Structure formats: C-alpha cells, structure tokens
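Have a look at the structure below before the remarks.
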Amino acid sequence: MISTHVLDAALGKPAAGVPVRLEGPLTVSGVTDADGRLRFEDAAEAGVYRLIFDTGAYHGPDAFYPEVSITFRIPVAGVHHHVPILLSPFAYSTYRGS
C-alpha cells in the first residue's frame, strides 16, 4: 500500500480535498479526506512511482506551485510506503514516513 498525508503548514491543519494521482505500474487517483489522508490500497508492486498533487486545486488559480510531483522507488513489493507532504503557498517538503 502507498499512503500520503497532506498537511497545510501555513494554516496548521490537514489539507482536505487535494486531488492526488498515483502513477506507476498502474495509475489511480483520489482526493485527500478531512484529515488530509489518502491510501492507495492496490499499489504494492516494486518499481518507480510518482505522486502528483494538484495543489492548484487546493490553493486556487494563482497558486505558485500548481502541481507538486514526488517520484520515489519501492524496492520490495508488499511493503507499506507512506509519503507525507507539508504544503504552504510558496513551499513544500516531503519525506519517507512510517
């Protein structure tokens, strides 16, 4: 499984309603829930993946970063990978979560 958690660092709360697309061996999409979380249950194969966050939909049409793309590798199939992102209007950061 691959999961993400989007936190709005400027507002100090989860970023709900952010559209996210996962590209890899398969392509799926979803929207973060009220807690800023989204799980892609069927993503378990080893390979290179890309999470694409539609930050323009969240921040509006004047967003400095209209899209954030995070590319990462899953070396072993079947291991849960959590990829959180801290988001603000003019910056973002990410890390491998647990």
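Because the structure is predicted, anything quoted here is derived from the model rather than measured.
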Show every donor-acceptor pair shorter than 3.5 Å between a side-chain atom in residues 27-34 and any protein atom, with sequence neighbours excluded, or say none if there are none.
from  : atom 1 : to    : atom 2 : distance (Å)
Thr32 : OG1    : Ala15 : O      : 2.8
Thr32 : OG1    : Gly17 : N      : 3.0
Thr32 : OG1    : Val18 : N      : 2.9
Asp33 : OD1    : Asp35 : N      : 2.9
Asp33 : OD1    : Gly36 : N      : 3.1
Asp33 : OD1    : Arg37 : N      : 2.9

Sequence neighbours excluded, which residues qualify as ring pair (Phe, Tyr, Trp, His ring centres under 6.0 Å) partners of Phe90?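 Phe90 satisfies ring pair (Phe, Tyr, Trp, His ring centres under 6.0 Å) with Phe64 once adjacent residues are dropped.
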Heavy-atom pair of closest approach, residues [X] and [Y]:
X	Y	answer
Phe40	Val20	CZ-O, 4.0 Å
Pro84	Thr94	O-OG1, 2.6 Å
His81	Pro75	NE2-CD, 4.2 Å
His80	Arg96	O-NH2, 4.0 Å

Minimum side-chain heavy-atom gap Ser3-His5 below 4.5 Å: no
Partners passing side-chain contact (heavy atoms from CB on, under 4.5 Å) against Ala46 (at least two apart in sequence or in another chain): none
side-chain contact (heavy atoms from CB on, under 4.5 Å) filter on Pro25, not counting sequence neighbours, yields Glu45, Tyr49
Single-linkage hydrophobic cluster [X]~[Y], side-chain heavy atoms < 4.5 angstrom:
X	Y	value
Val83	Leu86	no
Ile74	Ile70	yes
Met1	Val6	no
Leu38	Tyr92	yes

Which pairs count as salt bridge (Lys or Arg N to Asp or Glu O under 4.0 Å) when at least one residue sits in residues 2-22, sequence neighbours excluded? Arg21-Glu23
What's the separation between atom [atom1] in [X] and atom [atom2] in [Y], rounded to the nearest 0.5 Å?
X	Y	atom1	atom2	answer
Phe72	Ile2	CZ	CD1	4.0 Å
Phe53	Leu87	CZ	CG	9.0 Å
Ile85	Leu51	CD1	CG	9.0 Å

For Val79, the rest of its hydrophobic cluster, which grows through side-chain links under 4.5 angstrom: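 Noted: Val79 shares its cluster with Val76.
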Would you list the pairs meeting side chain to side chain donor-acceptor pair (under 3.5 Å) in which at least one residue belongs to residues 62-74, sequence neighbours left out?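 Matches after skipping sequence neighbours: Arg50-Thr71.
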